[in-house]
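On a predicted model such as this, the values are computed, not experimentally measured, just so you know. The figures here come from the full heavy-atom set of this structure, side chains too, leaving out hydrogens, waters and symmetry mates.
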Amino acid sequence: MRHKLLQEAATAGSSLRYESALRVMCDSGSRVSEACGVTMENWWRGSRFGTAIDSPSKGSGDVPVKVLSLSKDTAKALRTYVDTERRRLDPEGRGLEEFELLGRRGDLPHSTPIFLTRNRTQLSPEQFRNQFFNPLARRAGFDISPHGTRHNFVSLALDEIDLVADTPARRQMLREELVSLLAWAQGDRMLKVYDRRSKGRRILEVIERVREKQDSAPVARVGSTELAADAQPSVISKIMGRPT
């Protein structure tokens, strides 16, 4: 999903502001409100304008309680945005060098947003959604809201944990770290929700592979009944929940 959305944004010639905000969401699994609301101070405190942003979460007000982890490419895109598009909109014409100086002095304003609109105000979730994301997703073939990038991130993360965890204890540890990363107040409940979605998705993928085999398998005639030559009725019946 991430690659296809970014590819479509590049094809459409989207602004670096929108592309960078999208990258933050896809990289970190953040909510659209969190991505649009990050400040220069959040980014400086997270990693000195590197690959992490300190961020508030749902219910925490302006207090940073989690970290948005970024890829090196996304950090580079953000730095480029701050030095080009954003500099032209900044009331004082500041770029990365000026903000670094303020950060080292401890004078970086708390409320200076990373993402600015043409009116020099903070990019709102509604603007991001209506002016950029919804049209982009439709063109890319996705019927999703911005929150769909978060669902995609969490689902893939849980699948990866299941693949790399070699013991139940390591699996539990990684799942707890994911809960902490996302700052879920009800981590156990949210994990159960995604576990159910993952199980449903996996069985649908299995069934789809069965259908592909049904379509491609050679057919042998047994009396008046057509039967795929390599079909295994007992296995298929178990998948479909029917007795053999």
### Query
Are more than 12 heavy atoms from other residues, nucleotides or ligands located less than 6.0 Å from atom CG of Asp166?
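Count over threshold, so yes.
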
Flag side-chain contact, heavy atom, 4.5 Å: [X] against [Y]:
| X | Y | value |
| --- | --- | --- |
| Leu68 | Ser30 | yes |
| Asn134 | Pro146 | yes |
| Glu100 | Arg48 | no |
| Trp184 | Val154 | yes |

Kindly compute the distance separating [atom1] ([X]) from [atom2] ([Y]), expressed to the nearest 0.5 Å.
| X | Y | atom1 | atom2 | answer |
| --- | --- | --- | --- | --- |
| Arg175 | Gln172 | CZ | CD | 6.5 Å |
| Ser55 | Arg31 | OG | CZ | 9.0 Å |
| Ile144 | Arg150 | CD1 | CZ | 14.0 Å |
| Leu158 | Leu163 | CG | CG | 11.0 Å |
| Phe142 | Leu136 | CZ | CG | 9.5 Å |
| Glu41 | Ile53 | CD | CD1 | 12.5 Å |

Taking all heavy atoms of [X] and all of [Y], pick out the closest pair and write down the distance.
| X | Y | value |
| --- | --- | --- |
| Pro125 | Ser33 | CG-CA, 3.7 Å |
| Gly37 | Gln122 | CA-NE2, 3.4 Å |
| Arg94 | Pro109 | NH1-CG, 4.3 Å |
| Ser20 | Ala77 | OG-O, 3.6 Å |
| Thr149 | Met1 | CA-SD, 4.1 Å |
| Thr117 | Leu123 | CG2-CA, 3.7 Å |

Electrostatic pair [X]-[Y], nearest N-O below 4.0 angstrom:
| X | Y | result |
| --- | --- | --- |
| Arg17 | Glu85 | no |
| Asp90 | Arg86 | yes |
| Glu34 | Lys66 | yes |
| Arg23 | Glu19 | yes |
| Arg2 | Asp27 | yes |

Within one Ile-Leu-Val-Met-Phe-Trp-Tyr cluster: [X] and [Y], side-chain cutoff 4.5 Å:
| X | Y | answer |
| --- | --- | --- |
| Phe153 | Val38 | no |
| Tyr18 | Val32 | yes |
| Trp43 | Val67 | no |
| Leu178 | Val24 | no |
| Leu101 | Met40 | no |

### Query
Under 3.5 Å, is there a donor-acceptor pair between the Ser124 and Gln127 side chains?
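Judged by distance alone, the side chains do pair up.
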
### Thr39-Asn42 side chain donor-acceptor pair, cut-off 3.5 Å
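Yes - a donor-acceptor pair under 3.5 Å links their side chains.
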
Using atom types as modelled and distance alone, determine if a side-chain donor or acceptor of [X] lies under 3.5 Å from a backbone N or O of [Y].
| X | Y | result |
| --- | --- | --- |
| Gln131 | Phe128 | no |
| Thr84 | Thr80 | yes |
| Arg79 | Phe49 | yes |

### Message
Run the side-chain hydrogen bond (donor to acceptor under 3.5 Å, both in side chains) test on Ser180 and Glu177 for me, step by step, so that the C-alpha distance in whole Å, both residues' side-chain angles and the decisive distance to 0.1 Å come before the verdict.
### Response
CA-CA 5 Å; Ser180 178; Glu177 289 181 3; over 6 Å; no

### Task
Might you work through the side chain to side chain contact (heavy atoms under 4.5 Å, CB included) test for Val179 and Glu176, ending with a clear yes or no?
CA-CA 5 Å; Val179 168; Glu176 289 174 359; 5.5 Å; no

### Task
Test Leu5 against Phe133 for side chain to side chain contact (heavy atoms under 4.5 Å, CB included), laying out the working first.
CA-CA 9 Å; Leu5 288 172; Phe133 188 88; 4.1 Å; yes

### Task
Run the ring-centre check on Trp44 versus Phe99 and record whether the distance is less than 6.0 Å.
no

### Message
Is the distance between the ring centroids of Phe115 and Tyr81 under 6.0 Å?
### Response
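Centroid distance Tyr81-Phe115: below 6.0 Å, so yes.
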
